[in-house]
Amino acid sequence: MKLFNLHTHNFSKQENILELVNQYPWEFEDKIPFYSIGIHPWYINEERLDADLQIIEQKLVLNNCLALGECGLDKRIEIPLETQKKVFKAQILLAEKYQKPLVLHCVAAFQEIIQIKKELKVSVPMIIHGFSKNELTAKQLLDNGFYLSFGKYLVRNLELKTVFQSVPNDRFFLETDTIEESLEEVYALAANYKNCEIEEIKSIIKTNFEKVFIRNL
């Protein structure tokens, strides 16, 4: 059974791992087998926005484009939140049009993302990658239909143990993002926290992957 990496910026070419590699429309690499593509709020460039959205739409029709992202909102950057919302909503509409899940970057804007999900009546799965917040925030997101993906902060912040344990098995993914630790290490830690064998974590993630992404394969 392959491992699934929900979000990484580093394509490792390991045969035992299906990696959802993050790609940007302005530097697309067509040799990567499976990927997500989107406009990260950090890198919004309004001068090329139409071109970027056009490239995203071209890729979303392809079977090896499994998701749109990472996209989202970040209140700790200088780009105005209203600009971020405009770009985020444009990408949500594309994800809805092509029925692709959304991989989300969210910093200090969870209530806004929940509100946008309700406002646009988003039907595709929405996954918060790199989740690092408390149990209350996790519950609010879960109650509103989001999935949570854990990686860097699970490995480096012991306080996330109880948060991760509180997440139902059918609502989480695992990832490496940009960390040096291997995906196998993340899986091993998740198994330890869930008090089960790694094979069970593999099975859980496989089931969640099939539910969220398999329609695109």
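These figures come from a predicted structure and were not determined experimentally.
- Electrostatic pairing of E210 and K206 counts as a salt bridge here, judged by a charged N lying under 4.0 Å from a carboxylate O.
- Partners of Q58 according to the side chain to side chain contact (heavy atoms under 4.5 Å, CB included) rule, which considers only residues two or more places apart in sequence or in another chain, are Q54, I55.
- In this structure the side chain of V124 never reaches within 4.5 angstrom of the side chain of Y98, judged on heavy atoms.
- The shortest non-hydrogen separation linking V122 to I116 is CG2-O, 4.4 Å.
- Between D177 and N10, the shortest heavy-atom distance links the atoms O-ND2, 3.9 Å.
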Original post:
Does the side chain to side chain contact (heavy atoms under 4.5 Å, CB included) test come out yes or no for I127 and L102, once each step is laid out?
Top reply: CA-CA 6 Å; I127 308 143; L102 285 148; over 6 Å; no
**OP:** Quick one: do K152 and H129 satisfy side chain to side chain contact (heavy atoms under 4.5 Å, CB included)? Show the steps, please.
**Re:** CA-CA 10 Å; K152 176 169 69 175; H129 103 82; over 6 Å; no
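- In this structure, the side chain of T137 does not engage the main chain of K133 through any donor-acceptor pair within 3.5 Å.
- K89 has a carboxylate O that lies under 4.0 Å from a charged side-chain N of E119, or vice versa, which qualifies the two as a salt bridge.
- The hydrophobic clustering, which links ILVMFWY residues whose side-chain heavy atoms are closer than 4.5 Å, places L49 and W26 together.
- Within the 3.5 Å criterion, the main-chain N or O of C65 finds a donor-acceptor partner in the side chain of K100.
- Using a 4.5 Å cut-off on side-chain heavy atoms (C-beta onward), I128 and F110 make contact.
- Side chain of Y187 to backbone of F4: a donor-acceptor contact under 3.5 angstrom is found.
- Each side chain to side chain donor-acceptor pair (under 3.5 Å) pair with one or both residues in residues 42-51, not counting sequence neighbours, appears once here: W42-D74, E46-K86, R48-D52.
- Looking at R76, its side chain never comes within 3.5 Å of a backbone N or O of V107 through a donor-acceptor pair.
- With rounding to the nearest 0.5 angstrom, the OG atom of S166 is 13.0 Å from the OH atom of Y193.
- In this structure, K118 has no salt bridge (Lys or Arg N to Asp or Glu O under 4.0 Å) partners at least two apart in sequence or on a different chain.
- Considering only heavy atoms from C-beta on, L94 comes within 4.5 Å of L53 through its side chain.
- Across every non-hydrogen atom of P125 and Y147, the tightest pair is CB-CE1, 4.1 Å.
- Crowding of L158 atom CG: a count of heavy atoms from other residues, nucleotides or ligands under 6.0 Å not exceeding 12.
- Clustering ILVMFWY residues whenever any of their side-chain heavy atoms sit less than 4.5 angstrom apart, transitively, puts L120 in the very cluster that holds I114.
- Closest non-hydrogen pair, L174 versus A190, comes out as CD1-CB, 3.7 Å.
- Residue E27 places its CD atom among more than 12 non-hydrogen atoms of other residues, nucleotides or ligands, all under 6.0 Å distant.
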**OP:** Check the pair E197 / K202 against salt bridge (charged side-chain N to carboxylate O under 4.0 Å, His left out), numbers first and verdict last.
**Re:** CA-CA 9 Å; E197 298 296 324; K202 287 183 183 179; over 6 Å; no
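- Using modelled atom types, no side-chain atom of T176 and backbone atom of I179 make a donor-acceptor pair closer than 3.5 Å.
- Taking every heavy atom of both residues into account, A67 and L20 meet most closely at CB-CD2, 4.3 Å.
- Residues forming a side chain to side chain contact (heavy atoms under 4.5 Å, CB included) with P80 (at least two apart in sequence, or on another chain): T83.
- You'll find the side chain of H40 stays beyond 4.5 Å of the side chain of N22, heavy atoms only.
- With sequence neighbours left out, K194 forms a side chain to side chain contact (heavy atoms under 4.5 Å, CB included) with F164, N169, F172, C196, I201.
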Name each donor-acceptor pair under 3.5 Å that joins a side chain in residues 29-37 to protein atoms two or more places apart or in another chain, with its distance.
{"unit_1": "E29", "atom_1": "OE2", "unit_2": "K31", "atom_2": "N", "d": "3.0"}
{"unit_1": "S36", "atom_1": "OG", "unit_2": "G69", "atom_2": "O", "d": "3.2"}

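- A donor-acceptor contact shorter than 3.5 Å links the side chain of Q91 to the backbone of I39.
- In this structure, the side chains of L104 and E70 stay at 4.5 Å or more apart for every pair of heavy atoms.
- Using modelled atom types, no side-chain atom of R171 and backbone atom of L148 make a donor-acceptor pair closer than 3.5 Å.
- To the nearest 0.5 Å, the span separating CG on N134 from CD on Q140 amounts to 8.0 Å.
- Separation of atoms CD (E200) and CG (N195) is listed at 9.0 Å; rounding is to 0.5 Å.
- Note that NZ of K2 is 12.5 Å distant from CG of L183, once rounded to the nearest 0.5 Å.
- Atom-to-atom distance recorded for D170:CG and K211:NZ is 5.5 Å, nearest 0.5 angstrom.
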Subject >> side chain to side chain contact (heavy atoms under 4.5 Å, CB included) between Q84 and I77, worked out >> reply: CA-CA 10 Å; Q84 294 184 48; I77 60 175; 3.5 Å; yes
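- A donor-acceptor pair under 3.5 Å is absent between the side-chain atoms of N157 and the main chain of Y153, judged by distance alone.
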**OP:** For L3 and I205, run side chain to side chain contact (heavy atoms under 4.5 Å, CB included): C-alpha distance rounded to whole Å, both residues' side-chain angles, the deciding distance at 0.1 Å, then the answer.
**Re:** CA-CA 8 Å; L3 305 181; I205 297 291; over 6 Å; no
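- The distance from atom CD1 of I113 to atom SG of C71, rounded to the nearest 0.5 Å, is 8.0 Å.
- Residues E175 and F131 form no side-chain contact, since every pair of their non-hydrogen atoms from C-beta on lies 4.5 Å or further apart.
- For the pair K13 and E19, the salt-bridge criterion is not met [side-chain N within less than 4.0 Å of a carboxylate O].
- With respect to the salt-bridge test (charged N to carboxylate O, under 4.0 angstrom), the residues E96 and K121 do not qualify.
- Residues F173 and N5 fail the side-chain proximity criterion, which asks for heavy atoms closer than 4.5 Å.
- Screening K75, K85, K117 for a side chain to side chain donor-acceptor pair (under 3.5 Å) involving E112 leaves a single residue, K75.
- The hydrophobic cluster containing V61 also contains L68, counting ILVMFWY residues as joined when their side-chain heavy atoms lie under 4.5 angstrom apart, directly or transitively.
- Taking 4.5 Å as the limit, every side-chain heavy atom of F28 sits out of range of all side-chain heavy atoms of I56.
- Here the closest non-hydrogen pair linking P41 and I79 is O-CD1, 3.1 Å.
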